[in-house]
Participant: 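Here's a structure for you.
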Amino acid sequence: MSADPKVLLADLLKAALKSVAPDQADTPILLERPKQANHGDFATNLALQLAKPLKRNPRELAALLLAELPPSTLVLKTEVAGAGFINFTLATAAKTAVVSEVLAAGADFGRGAKKNVKVQVEFVSANPTGPLHVGHGRGAAYGASLSDVLAFAGYDVTREYYVNDAGRQMDILALSTWLRYLAGFGIEIPFPPNAYQGDYVLGMGCDLRDAHQDRFAGVTAAQVLEGTPGLPLADRKDDEAKQQRELHLDALIANAKRLLGDDYPWVHGFVLNEQLSDGREDLGEFGVRFDKWFSEQSLFDTGLVERAVAQLEQQGHVYLQNGARWFRSSAFGDEKDRVVQRENGLYTYFASDIAYHLNKYERGFDRMIDIWGADHHGYIPRVKGAIAALGLPPEKLDVALVQFAVLYRDGQKTSMSTRSGEFVTLRELRKEVGNDACRFFYVLRKSDQHLDFDLDLAKSQSNENPVYYVQYAHARVCSVLNQWGGERAELAAADLGQLQNERELALCARLATFPELVQSAADDYAPHQIAFYLKDLAADFHSWYNAERMLVDDEALKLARLALAEAVRQVLVSGLAVLGVSAPQSM
RNA sequence: CUGCCCGUAGCUCAAUCGGAUAGAGCACCGGCCUUCUAAGCCGGGGGUUGCAGGUUCGAUUCCUGCCGGGCAGGCCA
């Protein structure tokens with residue numbers, strides 16, 4: 001086990017710095033891996049940083065630093081380059097040492113030390129009012145990969161789904177299902193255009209009948225429609241017509257609650273449960289699991305919503321206007337104040353969200369990450385404002401926005417609304433593209449970048465998806481190791497000095513960056529870095545594979561090369577695991 | 001109108017918190033399978049990083065102003 005060359009180099013530089021410029025001894029030593037191979041294995045801009053305070057030529061300073069650099073077997077060559085960079089080329093043994101490190105650490109190579117920092121990641125949190133669609137899929141893939149990256153980097157991660165089981169949308173779904181159910185008994189009520197149209201609602205209507213027969217069917221169409229304003233003509237799109245449709249829907253919901261009485265919560269619960277288990281199954285198949293499903297309704301049941309608003313009120317951040325309670329969020333960076341309790345006494349969604357975040361803080365997380373769709377960006381100031389108003393530290397909460405995924409089919413954008421009934425579900429997408437390609441594709445770009453998901457491309461040319469490129473590298477290693485047929489333990493004893501050629505050393509350098517890459521991906525909330533790294537690692541491997549044979553007659557060389565291949569395989573497995581992608585033995 | 005995000009090769013995207021000659025894939029052109037998997041490799045052409053300024057040794061990155069695209073601005077969830 002050798003120590004990290006980066007740390008050792010930094011120590012050497014620190015010593016040199018101390019003797020060249022004692023006054024500047026606290027200058028941070030920044031070591032980076034140059035993009036270009038002929039710039040060595042590590043480079044520092046230390047001399048450039050010192051040039052200004054010392055008022056000296058950076059190249060001269062670089063030369064001075066090198067002259068004072070303590071000797072080390074680690075370093076093969078140093079040079080001053082460009083404007084005043086110092087480039088280091090490592091000794092071959094220092095480069096290949098990573099192979100034995102990987103073999104010794106196995107799946108733990110690259111894993112960060114336990115940080116004892118509790119991080120909560122909340123993601124997906126889609127309304128349980130219909131199947132997940134491709135937009136949710138992106139949030140799911142991003143959240144799951146981010147969680148896994150953080151966990152791998154050493155954080156203690158809790159994955160959580162916030163279930164919006166309270167509120168009007170769930171009532172609309174319960175009503176929609178009930179109306180479909182009633183139709184099955186010949187009780188025909190015109191289906192409202194703003195109710196949930198999807199086929200899955202018909203299915204739930206049938207399921208409801210299978211489970212409870214005619215228990216909820218003891219009504220007449222006239223009773224259900226009693227007191228409703230009726231529906232305007234379908235082609236009317238004016239505001240008045242829209243408003244009438246909403247009123248009609250609310251009246252139907254009120255009738256449903258009145259007519260069903262104590263049975264309404266049964267229907268509501270039935271519908272909620274169907275949707276939740278459907279979503280859980282869907283996400284599970286996608287490799288996305290949650291540690292906790294947090295119910296919005298529970299915030300009301302435990303009185304936390306009331307308490308949160310009361311707490312804000314005690315601090316003097318709430319006022320009454322037009323019969324409603326307003327949170328003075330404009331005093332906390334929001335552009336205007338927000339209603340937390342409506343004139344009719346009902347709390348707004350925002351109020352329960354305040355309570356939810358209060359609950360998160362009370363659970364003692366050191367950091368919380370909310371993953372939202374980018375359309376919610378305007379929501380950030382009010383939530384952070386509420387947190388600050390409650391006297392809690394807003395900087396513990398990070399909101400990661402995920403841009404929309406836009407689906408293209410036949411070169412045309414495809415609608416994804418859950419209300420229109422025409423949308424592409426995550427299930428359909430997974431079936432067409434496959435889970436592996438799907439997970440990889442979703443995370444292959446920065447989260448704040450728009451995602452054009454071309455279905456035809458994903459479907460017809462799925463073999464060209466980059467995920468296969470990475471998996472293929474893994475399968476190739478497996479194949480070679482199988483044909484060799486030896487024991488993995490033999491590889492640990494390989495003489496790594498046999499690894500001499502450029503491609504082998506490049507592979508070693510690539511492997512050596514994996515631990516810091518994991519850290520960087522975690523720090524930046526950027527799991528896409530893992531995906532790009534795996535592509536690069538696979539490219540280095542394929543290039544080497546085509547240029548050199550592993551199963552050669554020279555026993556020492558063979559073992560060394562197999563050891564390197566096995567190290568590559570291990571890192572591919574670790575990286576793919578973080579992304580929720582399988583690593584097949586053969587393809 | 002106001003706020004946030006984004007403009008990088010023909011297309012889809014990277015670029016190590018300000019670094020050196022801006023990189024991949026797809027597409028296009030030319031090579032490599034009697035040898036460990038050709039879902040692969042090697043080579044080639046392709047760019048004023050939207051535009052104009054500013055900050056400094058150095059800018060795709062930071063600041064200002066324009067241009068263009070997306071999203072948001074409910075007592076909805």
Side-chain angles (χ1 to χ4, degrees), chain A residues 30-36 38-39 43-45 47-49 51-52 57-59 81-85 87 127 129 164 166-170 172 246 296 321-326 335-336 338-350 352-353 373-381 401 403-404 406 444-446 448-454 457 461-473 475-484 513 516-517 520 523-524 528-529 531-533 535-536 538-539 541-552 558 561-562 565 586-587:
Chain A
L30 190 67
L31 277 162
E32 56 182 23
R33 301 188 185 259
K35 291 176 199 166
Q36 285 169 258
N38 61 348
H39 289 153
T44 183
N45 61 354
L48 290 160
Q49 303 281 6
K52 193 163 209 176
N57 180 305
R59 286 192 66 105
F85 293 96
N87 295 341
N127 281 346
T129 50
N164 296 121
R168 184 167 178 259
Q169 294 305 319
M170 274 308 300
I172 295 173
E246 297 304 318
E296 179 190 5
Q321 187 179 319
N322 300 332
R325 279 192 158 71
W326 295 71
E335 55 189 17
K336 56 180 172 185
R338 311 287 174 176
V339 171
V340 287
Q341 190 177 20
R342 295 199 285 264
E343 192 179 2
N344 61 13
L346 293 177
Y347 289 103
T348 59
Y349 177 81
F350 179 41
S352 50
D353 223 14
D375 54 332
H376 286 68
H377 70 262
Y379 204 71
I380 299 174
L401 295 177
Q403 291 289 338
F404 271 130
V406 182
L444 197 53
R445 50 220 64 207
K446 285 188 297 198
D448 56 6
Q449 197 64 251
H450 289 272
L451 169 59
D452 292 336
F453 208 124
D454 187 331
L457 186 76
Q461 301 186 2
S462 61
N463 282 359
E464 288 169 11
N465 193 298
V467 70
Y468 295 105
Y469 184 80
V470 177
Q471 290 179 320
Y472 188 48
R476 274 181 152 177
V477 177
C478 290
S479 174
V480 173
L481 288 172
N482 279 338
Q483 286 172 55
W484 167 57
T513 63
E516 51 198 81
L517 176 96
S520 160
D523 290 343
D524 297 349
H528 78 276
Q529 291 179 10
F532 279 90
Y533 172 84
K535 277 171 61 176
D536 289 340
F541 174 78
H542 286 308
S543 175
W544 176 54
Y545 181 93
N546 274 272
E548 310 289 343
R549 256 187 96 76
M550 281 172 245
L551 299 175
V552 291
K558 179 169 75 180
R561 286 184 172 166
L562 288 172
S586 65
M587 293 176 68

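Labels below follow one simple rule: chain letters A, B, ... track the order of the sequence lines, proteins then strands, and each chain is numbered from 1. Heavy atoms only: backbone and side chains are in, while hydrogens, waters and symmetry mates are out.
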Participant: Which part of the nucleic acid does A:Asn344 contact within heavy-atom distance under 4.0 Å: base, sugar-phosphate only, or nothing?
Facilitator: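 The residue A:Asn344 makes no contact with any strand.
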Participant: Is A:His528 close enough to B:U16 that one of its side-chain N or O atoms is under 4.0 Å from OP1 or OP2 there?
Facilitator: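 No, A:His528 has no side-chain N/O under 4.0 Å of OP1/OP2 on B:U16.
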Participant: Identify whether any heavy atom of A:Asp536 sits under 4.0 Å from a base atom; if not, whether one sits that close to sugar-phosphate; answer base, sugar-phosphate or nothing.
Facilitator: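 The residue A:Asp536 makes no contact with any strand.
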Participant: Kindly indicate, with the supporting measurements, whether the criterion side chain to side chain contact (heavy atoms under 4.5 Å, CB included) is fulfilled by A:Met170 and A:Glu296.
Facilitator: CA-CA 12 Å; A:Met170 274 308 300; A:Glu296 179 190 5; over 6 Å; no
Participant: Please state whether the phosphate of B:G74, meaning OP1 or OP2, lies under 4.0 angstrom from any side-chain nitrogen or oxygen of A:Lys336.
Facilitator: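 For B:G74, OP1/OP2 do have a side-chain N/O of A:Lys336 under 4.0 Å.
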Participant: Whole angstrom is fine here: how far is it from CD in A:Glu32 over to P in B:G18?
Facilitator: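 In whole Å, B:G18 P lies 11 Å from A:Glu32 CD.
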Participant: Measuring only the C1' atom in each nucleotide, how far is B:G25 from B:A14? A whole number of Å is fine.
Facilitator: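 About 10 Å, rounded to a whole number of Å.
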Participant: Give a yes/no on whether any side-chain N or O of A:Ser543 is located under 4.0 angstrom from OP1 or OP2 of B:C42.
Facilitator: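 Affirmative; the distance criterion is met.
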Participant: Begin from the C-alpha positions of A:Tyr545 and A:Met550 and carry the test side chain to side chain contact (heavy atoms under 4.5 Å, CB included) through to its verdict.
Facilitator: CA-CA 8 Å; A:Tyr545 181 93; A:Met550 281 172 245; 3.6 Å; yes
Participant: Hey, what's the ring geometry for A:Phe350 with A:Tyr379, parallel, tilted or perpendicular (30° and 60° as the breaks)?
Facilitator: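 Plane angle over 60°, so perpendicular.
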Participant: Is any side-chain N or O of A:Gln483 closer than 4.0 Å to OP1 or OP2 of B:U37?
Facilitator: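 So the side-chain polar atoms of A:Gln483 do come within 4.0 Å of the phosphate oxygens OP1 or OP2 of B:U37, strictly under.
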Participant: Between B:A72, B:A77, B:C57, which nucleotide gets closest to the side-chain atoms of A:Asp375?
Facilitator: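 The answer is B:A72, which lies nearest to the side chain.
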Participant: Over how many whole Å does the gap from A:Asn45 atom CG to B:C57 atom P extend?
Facilitator: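 Taking CG of A:Asn45 and P of B:C57, I get 14 Å after rounding.
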Participant: So, is A:Arg338 close to the B:G74 phosphate, meaning a side-chain N or O under 4.0 Å from OP1 or OP2?
Facilitator: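 So the side-chain polar atoms of A:Arg338 never come under 4.0 Å of the phosphate oxygens OP1 or OP2 of B:G74.
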Participant: Taking atom C1' in both B:U61 and B:U55, compute the distance separating them and give it to the nearest angstrom.
Facilitator: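 Comparing C1' positions in B:U61 and B:U55 gives a spacing of 14 Å.
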Participant: Using the P atom on both, measure B:A59 against B:G53 and round to a whole Å.
Facilitator: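 Nearest-Å result for B:A59 against B:G53 at atom P: 14 Å.
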Participant: Can you tell me if the side-chain N/O atoms of A:Lys35 get under 4.0 Å from OP1 or OP2 in B:A20?
Facilitator: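 Checking B:A20 against A:Lys35, a side-chain N or O does come within under 4.0 Å of OP1 or OP2.
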Participant: Whole angstroms only, please: what is the CD1-P distance between A:Ile380 and B:A72?
Facilitator: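 Rounded to the whole Å, the gap is 14 Å.
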Participant: B:G40, B:A77, B:C57: which one has an atom nearest the side-chain heavy atoms of A:His542?
Facilitator: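 So the side chain of A:His542 is nearest to B:G40.
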Participant: Round to the nearest Å and state the distance from A:His39 atom NE2 to B:G58 atom C1'.
Facilitator: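 Interatomic distance, NE2 of A:His39 to C1' of B:G58: 14 Å.
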Participant: Hey, does A:Leu401 have a side-chain heavy atom less than 4.5 Å from the side chain of A:Asp375?
Facilitator: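 Side-chain contact under 4.5 Å: no.
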Participant: Determine the Euclidean distance between corresponding P atoms of B:A24 and B:G47; express it in Å to zero decimal places.
Facilitator: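 Those two atoms are separated by 15 Å.
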Participant: Nearest whole Å is fine: how far is B:C75 C1' from A:Leu346 CG?
Facilitator: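 Roughly 10 Å, once rounded to whole Å.
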Participant: For B:U37, does either OP1 or OP2 sit under 4.0 Å from a side-chain N or O belonging to A:Ser479?
Facilitator: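 Yes, A:Ser479 has a side-chain N/O under 4.0 Å of OP1/OP2 on B:U37.
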Participant: Under 4.0 Å between a side-chain N or O of A:Arg549 and OP1 or OP2 of B:C36?
Facilitator: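 It does not, given that no N or O in the side chain of A:Arg549 lies less than 4.0 Å from OP1 or OP2 of B:C36.
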Participant: From C-beta outward on A:Tyr545, which listed nucleotide comes closest to its side chain: B:C36, B:A72, B:A77?
Facilitator: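 Selected nucleotide: B:C36.
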Participant: Please work out if A:Gln529 contacts a base, only the sugar-phosphate, or nothing of the nucleic acid, heavy-atom cut-off 4.0 Å.
Facilitator: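 Nothing: the residue A:Gln529, judged by heavy atoms under 4.0 Å, touches no strand.
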Participant: Strictly below 4.0 Å: does A:Arg33 bring a side-chain N or O up to OP1 or OP2 of B:G19?
Facilitator: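 Answer is no, no contact under 4.0 Å.
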Participant: Give one of base, sugar-phosphate or nothing for A:Ala43, where a contact means two heavy atoms less than 4.0 Å apart.
Facilitator: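 Result for A:Ala43 = base.
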Participant: Counting Watson-Crick and G-U wobble pairs only, both distances under 3.5 Å, name the nucleotide matched with B:G7, or none.
Facilitator: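 Result: B:C67.
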Participant: I need the CG-C1' distance between A:Leu551 and B:U37, as an integer number of Å.
Facilitator: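 The distance from CG of A:Leu551 to C1' of B:U37 comes to 13 Å, rounded to the nearest Å.
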Participant: Would you measure the distance from the P atom in B:A27 across to the matching atom in B:G18 and give it in whole Å?
Facilitator: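 The answer is 36 Å between these two P atoms.
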Participant: Distance to the ring centre below 6.0 angstrom and angle to the axis at most 45 degrees; does that hold for A:Arg476 and A:Phe541?
Facilitator: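 No.
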Participant: Suppose you measure atom P in B:C4 against the same atom in B:G65; what distance do you get, rounded to whole Å?
Facilitator: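 Nearest-Å result for B:C4 against B:G65 at atom P: 11 Å.
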Participant: Measuring only the C1' atom in each nucleotide, how far is B:G68 from B:G7? A whole number of Å is fine.
Facilitator: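 So the two C1' atoms sit 8 Å from each other.
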Participant: Looking only at atom P, what distance separates B:G45 and B:A38, rounded to whole Å?
Facilitator: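 My reading of the P atoms in B:G45 and B:A38 gives 28 Å.
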Participant: Which distance, rounded to the nearest 0.5 Å, do you find between the CD of A:Glu246 and the CD1 of A:Ile172?
Facilitator: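 It is 6.5 Å, given to the nearest 0.5 Å.
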Participant: For the pair made of NZ in A:Lys446 and P in B:C13, what is the distance, rounded to whole Å?
Facilitator: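 After rounding, the reported distance stands at 11 Å.
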Participant: Using O4'-C1'-N9-C4 for purines and O4'-C1'-N1-C2 for pyrimidines, with syn meaning within 90° of 0, is B:C32 syn or anti?
Facilitator: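 The base of B:C32 is oriented anti (glycosidic angle more than 90° from 0).
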Participant: Mapping A:Glu335 and A:Pro34 onto RNA chain B by nearest heavy atom, which one lands closer to the 5' end?
Facilitator: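 In this pair, the answer is A:Pro34.
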Participant: Could you please name the partner base of B:C17, counting Watson-Crick and G-U wobble pairs only when both distances are under 3.5 Å?
Facilitator: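 Answer to the pairing question: none, since B:C17 forms no Watson-Crick or G-U pair.
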Participant: Between A:Arg476 and B:A38, is there a contact of a side-chain N or O with OP1 or OP2 at under 4.0 Å?
Facilitator: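 Yes, within the criterion.
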Participant: From B:G73, B:A77, B:U37, pick the nucleotide closest to the side chain of A:Tyr472?
Facilitator: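 Nearest listed nucleotide: B:U37.
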Participant: Stepwise, does the side chain to side chain contact (heavy atoms under 4.5 Å, CB included) test hold for A:Leu444 with A:Lys535?
Facilitator: CA-CA 10 Å; A:Leu444 197 53; A:Lys535 277 171 61 176; 4.2 Å; yes
Participant: Give the rounded distance in Å between these two atoms: CZ of A:Arg59 and C1' of B:C57.
Facilitator: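 So the two atoms are 13 Å apart, to the nearest Å.
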Participant: Do A:Gln169 and A:Thr129 have a side chain donor and acceptor closer than 3.5 Å?
Facilitator: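 A:Gln169 vs A:Thr129: no donor-acceptor pair found between side chains.
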Participant: So which one's nearest nucleotide on RNA chain B is more toward 5', A:Ser586 or A:Gln36?
Facilitator: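 Comparing both residues, the 5'-ward one is A:Gln36.
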Participant: How would you label the contact of A:Tyr379 with the nucleic acid (heavy atoms, under 4.0 Å): base, sugar-phosphate, or nothing?
Facilitator: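 Counting heavy atoms under 4.0 Å across all strands, the contact made by A:Tyr379 includes a base.
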Participant: Are A:Tyr468 and B:A38 close enough that a side-chain N or O sits under 4.0 Å from OP1 or OP2?
Facilitator: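 So the side chain of A:Tyr468 is outside the cut-off, no N or O lying under 4.0 Å from OP1 or OP2 of B:A38.
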Participant: So if I take every side-chain heavy atom of A:His377 and compare against B:G19, B:U21, B:C71, which nucleotide ends up nearest?
Facilitator: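 It is B:C71.
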Participant: To the side chain of A:Met550, which of B:G40, B:C36, B:G73 is closest?
Facilitator: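 Nearest nucleotide to the side chain: B:C36.
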Participant: Can you tell me the Watson-Crick or wobble partner of B:A59, both distances under 3.5 angstrom?
Facilitator: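 Pairing partner, where one exists within any strand: none, as none qualifies.
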Participant: Side chains of A:Glu516 and A:Ser520: do they bring a donor and an acceptor to under 3.5 Å?
Facilitator: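 There is no such pair between these side chains.
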Participant: Return yes if the base of B:A20 and the side-chain atoms of A:Asn87 contain a donor-acceptor N/O pair under 3.5 Å, otherwise no.
Facilitator: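 When only heavy-atom distances are counted, A:Asn87 does reach the base of B:A20 through a donor-acceptor pair under 3.5 Å.
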Participant: Indicate, with a heavy-atom threshold strictly under 4.0 Å, whether A:Ala475 touches base, sugar-phosphate, or nothing.
Facilitator: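 Touches a base.
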Participant: What is the base-pairing partner of B:C1, counting Watson-Crick and G-U wobble geometry with both distances under 3.5 Å?
Facilitator: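 The base-pairing partner of B:C1, which may sit in any strand shown, is B:G73.
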